[in-house]
Amino acid sequence: MIEPVLTIVVPCYNEEDVLPETIDQLQVLLKELMVEELVSRQSKILFVDDGSKDRTWELIYKEGLRNEYVRGLKLSRNVGHQNALLAGLFTAKERSDCMISIDADLQDDISVIREFILKFNKGYEIVYGVRKGRDTDTLFKRSTAQGFYKIMKKMGVDLVYNHADFRLMSKRAVEELERFSEVNLFLRGIVPLLGFRSDVVYYDRLERHAGVTKYPFKKMVGFAFDGITSFSISPIRFVLVTGFVSFFMSLVFGGYFLALKFFGNTETGWTSLITSIWLIGGLQLIAIGLIGEYIGKIYKETKQRPKYIVDIDSFNLPITRHHLLNHTLEDDGFSLDFRKVSEPNK
């Protein structure tokens, strides 16, 4: 059996606290897979720096100089987790048979990566890492997450329940994913649309090793809303239905008040008037805002701006200990010009 070339893609944003431990654990696992002859010795770990403001890139680069299994991809600015993940996958696909995406916080159990590879060798092109449960989550987070999956299912969006971005994808699957050119990519919904043979691996979610979460409540709400509006027009249809219901209710109440006026039982009051104004006004604002959200997405799509811009790519450079590198460490940051990397001796 031919050993597949594996690339583990790790998006990073301000992860200097947890990064040393992440590098250590992933390289130990990768070496074990090589010894077991499950993956090729050409396999790598690709860390994608998503415009971090701390020493994340410096740590990645330095480790890449002394570790043949570690490579880095530095984006020119922060473009968000999903786009950083895409940048890593699309960069790695040319030199990989399969790619595994995993967050840098070590909350996903890396020990199940071995099962990912075994399933890939059996012919599965996509393998999803699925949490066994949400016992470690707070009641609020657990309730909102379950509610999100239920809403998406009712809207007809095919999501893998309790799956985030911990997955294996074959080179062919990533190549097909690259054909999806929309700017508003919701990977958890896009990947199942590829339709390739897939399977799941269950694991227990672990505690974050260090650092703080990069998905506070505000980002979680925005991420969920992007997912809903990227895959379904049901919210607009809901507003349309609400408008019809409100219209027919107004006809009913209009007839009722006309009947009262006819029988002389009308009374002048503010309650019904103010309630009606606030109700209709609120519905109109919601409808305008929702439609504006969809128009905003169309606006972004028509611009066709790139999802990300690569600043430095060490994955596709033949960096070894024998290469001479011109780099500078500055007090206020870290910079490297890879155009000055010398060619190896021939």
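Quick note: residue numbers are just sequence positions, from 1.
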Any sub-3.5 Å donor-acceptor pair from [X]'s side-chain atoms to [Y]'s backbone N or O?
X    : Y    : answer
N83  : V79  : yes
S43  : L6   : yes
N78  : D50  : yes
D49  : S52  : yes
D313 : F315 : yes
H163 : G129 : yes

### Task
Would you mind reporting whether L65 and V70 have side-chain heavy atoms less than 4.5 Å apart?
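SC-SC contact between V70 and L65 ruled out.
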#### Entry: Student check: side-chain heavy atoms of I45 and R71 closer than 4.5 Å
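Counting from C-beta outward, I45 and R71 never come under 4.5 Å.
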#### Entry: side-chain contact (heavy atoms from CB on, under 4.5 Å) between E3 and V39, worked out
CA-CA 5 Å; E3 300 164 2; V39 300; 5.7 Å; no
### Query
Under the ring pair (Phe, Tyr, Trp, His ring centres under 6.0 Å) rule, what pairs show up with a residue in residues 89-120, not counting sequence neighbours?
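Residue pairs with at least one partner in residues 89-120: F116-F166.
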### Query
Could you go step by step and tell me if T7 and R95 meet the side-chain contact (heavy atoms from CB on, under 4.5 Å) rule?
CA-CA 8 Å; T7 299; R95 297 189 177 188; 5.9 Å; no
Are [X] and [Y] within salt-bridge range, i.e. N to O under 4.0 Å?
X    : Y    : answer
K44  : E68  : no
E36  : R114 : yes
D108 : R205 : yes

When rounded to the nearest 0.5 angstrom, what distance separates [atom1] in [X] from [atom2] in [Y]?
X    : Y    : atom1 : atom2 : answer
K31  : M34  : NZ    : CE    : 9.0 Å
I113 : L38  : CD1   : CG    : 12.0 Å
E176 : L193 : CD    : CG    : 12.5 Å
L106 : L206 : CG    : CG    : 8.5 Å
L85  : H81  : CG    : NE2   : 5.5 Å

Would [X] and [Y] show up in the same hydrophobic cluster when neighbours are defined by side-chain heavy atoms closer than 4.5 Å?
X    : Y   : answer
L118 : L30 : yes
V28  : Y69 : no
Y203 : I8  : yes
L168 : V5  : no
F180 : M99 : yes

### Message
Would T56 and Y13 count as a side-chain contact (heavy atoms from CB on, under 4.5 Å) here? Give the steps.
### Response
CA-CA 7 Å; T56 296; Y13 178 67; over 6 Å; no
### Message
Would you say E125 and S170 are linked by a side-chain donor-acceptor pair, where the criterion is simply a distance under 3.5 Å?
### Response
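Yes, side-chain donor-acceptor contact under 3.5 Å.
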### Query
Can a donor-acceptor pair be found between the side chains of Q82 and D165 at a distance below 3.5 Å?
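Their side chains do contain a donor-acceptor pair, which is all the 3.5 Å distance test asks for.
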### Message
Tell me whether the NZ or CZ atom of R197 lies within the 45° cone about the ring axis of Y124 and under 6.0 Å from its centre.
### Response
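The answer is yes; both the distance and angle limits are met.
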### Query
With sequence neighbours left out, what residues match K171 under salt bridge (charged side-chain N to carboxylate O under 4.0 Å, His left out)?
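Partners of K171 under the salt bridge (charged side-chain N to carboxylate O under 4.0 Å, His left out) test: none.
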Looking at [X] and [Y], what are the two nearest heavy atoms and their distance?
X    : Y    : value
L46  : A92  : CD2-CB, 4.2 Å
D54  : E15  : OD2-N, 3.4 Å
I102 : I110 : CD1-CG2, 3.5 Å
F47  : C12  : CD2-SG, 3.7 Å

#### Entry: Set of side-chain contact (heavy atoms from CB on, under 4.5 Å) partners for R55, sequence neighbours left out
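Result, side-chain contact (heavy atoms from CB on, under 4.5 Å) vs R55: E16, E58, L59.
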### Full working for salt bridge (Lys or Arg N to Asp or Glu O under 4.0 Å) between E175 and R172
CA-CA 5 Å; E175 287 175 341; R172 184 166 72 124; over 6 Å; no
### Task
Assess whether side-chain contact (heavy atoms from CB on, under 4.5 Å) is satisfied between L86 and K307, documenting all intermediate values.
CA-CA 9 Å; L86 287 175; K307 300 180 182 68; 3.8 Å; yes
### Crowding at CD, Q27 (>12 non-hydrogen neighbours, <6.0 Å)
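It does: Q27 CD has more than 12 such atoms within range.
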### Query
Taking T91 as the fixed residue, which of V48, L73, V9 is the one that meets the side chain to side chain contact (heavy atoms under 4.5 Å, CB included) rule?
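Exactly one candidate clears the test, L73.
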